[in-house]
Amino acid sequence: MPEPFEETLRQRLEAVRAQGLWRSLRPVDHRSASVLETGSHRLVSFAGNDYLGFSLHPAVLEASVRAVSDWGAGSAASRLISGSLAVHHHLEETLAEFLGTEAALGFSTGHAAATGTIPALVGPGDVVIVDRLVHACCVDAARLSGAKLRVFRHNDLDDLDRILRWASGLSRNDSGGPRVLVVTESVFSMDGDSAPLAELVELKDHHGAWLMLDEAHSTGVMGPEGRGLAAQLGLGGRIEVRMGTLGKALGASGGFIAGSRALIDLLVNRARSFIFSTAPVPAAAAAATAALELMITQDGEQARHQLRSVAAAGARVIHRAFQKPLGSVPSEGSVGHILPVSVGDEAAAVALADQLRAAGVWVPAIRYPTVARGSARLRLTFSAAHTAADLDCLDEAFNRACIQTPPTPF
Ligand SMILES: *Cc1c(COP(=O)(O)O)cnc(C)c1O
């Protein structure tokens with residue numbers, strides 16, 4: 001390697017370390033529903049997004065294994081090049097039916113769904129307005145589109161209204177625009193709170209803007225039979241673009257967009273991450289389809305019920321550890337499956353996570369650039385797969401760790 005290349009990288013890495021932002025991968029040798037094993041260490045994990053434990057559900061595993069023997073390990077090419085496998089169409093029909101949309105389209109990841117979709121819908125001269133806390137993939141996608149990017153304060157409808165009024169005053173461009181796309185999330189990934197969706201839909205309709213709703217953390221978890229927040233509020237028909245991932249409560253891997261037939265046809269023709277990428281593996285599509293089918297069964301209902309009681313018990317553990325309630329009171333219908341514990345300082349958050357790990361539980365410290373500088377936190381996620389014994393471990397670990405480094409709760 002040429003010396004200056006290595007030297008530049010070394011200096012940059014040193015700067016990362018000096019800011020307390022160093023990240024490294026921790027190999028896991030074995031994983032079960034809620035436990036990770038690393039070497040001889042056994043850790044109860046409160047870090048995953050497998051909210052219903054479906055990544056290990058027998059029906060999901062069986063569908064996945066069957067797809068491998070029916071279709072092979074890989075998909076061979078992009079779906080526009082080598083033919084589009086029935087396993088992918090089956091997933092998309094199941095998704096569209098589950099969400100009550102005309103159509104749906106699968107992508108290799110949720111990230112790819114965002115980066116393919118936003119640039120297909122808007123371009124230079126148009127406007128994308130995102131909530132300050134939307135996932136990085138939507139920010140990346142908005143930048144990639146070349147549209148003007150504006151950010152509104154988290155869940156602040158007055159601020160969004162101000163920006164929408166500014167956008168309506170822009171002069172028209174070649175596409176008859178500007179087109180204005182608002183992007184938000186149903187459950188925010190690092191804070192666990194929800195967008196004020198009903199009011200937001202009114203506002204974007206009032207201004208003639210479009211809405212893209214990322215349901216990554218609500219699909220399978222919220223709403224009737226896990227159909228998400230839009231379904232819970234009966235707003236599905238008024239949201240132009242619904243996005244989600246197959247990798248969280250659905251226990252598989254991949255992303256999707258659901259909406260009108262015209263939207264999906266446009267994406268097949270214009271979404272570069274769909275067109276220029278090998279189709280998702282058949283096993284992932286089949287696993288996600290099986291998980292969607294489970295959602296509407298007794299198993300699905302049971303898992304969502306279990307998740308709610310684990311999340312409530314988990315919150316009690318954390319409240320006890322800090323002797324006072326954390327966070328705002330969850331809004332009605334909120335599941336509480338994502339629980340942030342504010343620490344602030346990056347190094348302190350890492351130190352606390354290290355102490356918890358030493359005490360047998362894995363809770364990730366979330367730092368910049370995932371969240372703003374100085375707002376480092378522990379992020380606990382709960383799953384239907386957590387047992388009462390897992391929660392006892394959490395209780396014990398927090399009591400031990402918090403004596404040494406008391407964080408500041410929200
Ligand atoms: C995880 C996540 C994504 C990305 O989905 P992947 O399938 O993991 O690429 C998108 N948006 C939000 C809010 C997420 O939490």
Side-chain angles (χ1 to χ4, degrees), residues 46-52 54-55 60 88 91-92 95 99 104-119 128 130-144 151 154-155 181-195 197 200 211-223 226 228-230 239 241-258 267 271-274 277-281 283-285 287-289 291-292 334-340 364 366 369-372 377 379-383:
F46 291 89
N49 302 314
D50 184 12
Y51 298 121
L52 302 178
F54 277 6
S55 77
V60 176
H88 294 123
L91 167 64
E92 288 161 355
L95 268 170
L99 297 170
L105 189 68
F107 289 77
S108 300
T109 62
H111 195 288
T115 54
T117 300
I118 296 181
V128 182
V130 303
D131 185 288
R132 185 175 296 288
L133 296 188
V134 293
H135 192 266
C137 66
C138 289
V139 177
D140 293 350
R143 290 205 180 110
L144 190 61
V151 178
H154 178 52
N155 282 346
L181 177 68
V182 178
V183 184
T184 193
E185 288 177 21
S186 50
V187 174
F188 284 87
S189 56
M190 295 300 142
D191 291 67
D193 57 341
S194 289
L197 194 60
L200 209 150
L211 177 61
M212 176 160 162
L213 179 68
D214 181 350
E215 295 234 39
H217 294 278
S218 49
T219 306
V221 170
M222 293 179 89
L229 182 65
I239 297 168
V241 187
R242 287 158 77 188
M243 165 183 162
T245 174
L246 309 175
K248 289 172 180 155
L250 293 171
S253 171
F256 68 84
I257 297 289
L267 295 179
R272 295 172 64 87
S273 64
F274 176 84
S277 189
T278 301
V281 295
T289 307
L292 284 166
S334 151
V335 177
H337 53 311
I338 300 173
L339 180 65
I366 308 288
T370 308
V371 295
R377 67 199 61 185
R379 173 185 183 260
L380 290 99
T381 47
F382 299 106
S383 165

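Order of listing sets the numbers, starting from 1, for every ligand and every atom in it.
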In ligand 1, the atoms that come under 4.0 Å of a heavy atom of E185 are 13 (C)
protein heavy-atom neighbour closest to atom 6 (P) of ligand 1 works out as G110 N, 3.3 Å
Tell me, do V335 and Y51 make a side-chain contact under 4.5 Å, heavy atoms counted? no
Note: ligand 1 atoms sitting under 4.0 Å from heavy atoms of G254 are 7 (O)
| task | For the residue pair K248 and T219, establish whether any side-chain heavy-atom pair is separated by less than 4.5 Å. | result | no
| task | Indicate whether any N or O donor in one side chain lies under 3.5 Å from an N or O acceptor in the other, for D193 and H154. | result | yes
For S189, the atoms of ligand 1 under 4.0 Å from one of its heavy atoms are 15 (O)
Atom 1 (C) of ligand 1 has as its nearest protein heavy atom K248 NZ, 1.5 Å
For atom 13 (C) of ligand 1, the closest protein heavy atom turns out to be D214 OD2, 3.2 Å
Handout entry: V183 and M243, any side-chain heavy atoms less than 4.5 Å apart
Key = no
Note to self: Using side-chain heavy atoms (C-beta onward) and a distance below 4.5 Å, is I239 in contact with L197?
What the structure shows: yes
Here the gap from L267 atom CG to R272 atom CZ, rounded to the nearest 0.5 Å, amounts to 14.0 Å
With heavy atoms and a 4.0 Å threshold, my read on which part of H111 contacts ligand 1 is both
| said: If we only consider heavy atoms of S253, is any one of them less than 4.0 Å away from an atom in ligand 1? | reply: no
In terms of relative ring orientation, are H217 and H337 parallel, tilted or perpendicular, with 30° and 60° separating the classes?
tilted
A student checking ligand 1 against T245 at a 4.0 Å heavy-atom cut-off should list atoms 5 (O), 6 (P), 7 (O)
For G247 and ligand 1, answer yes if some heavy atom of the residue is under 4.0 Å from a ligand atom, otherwise no. no
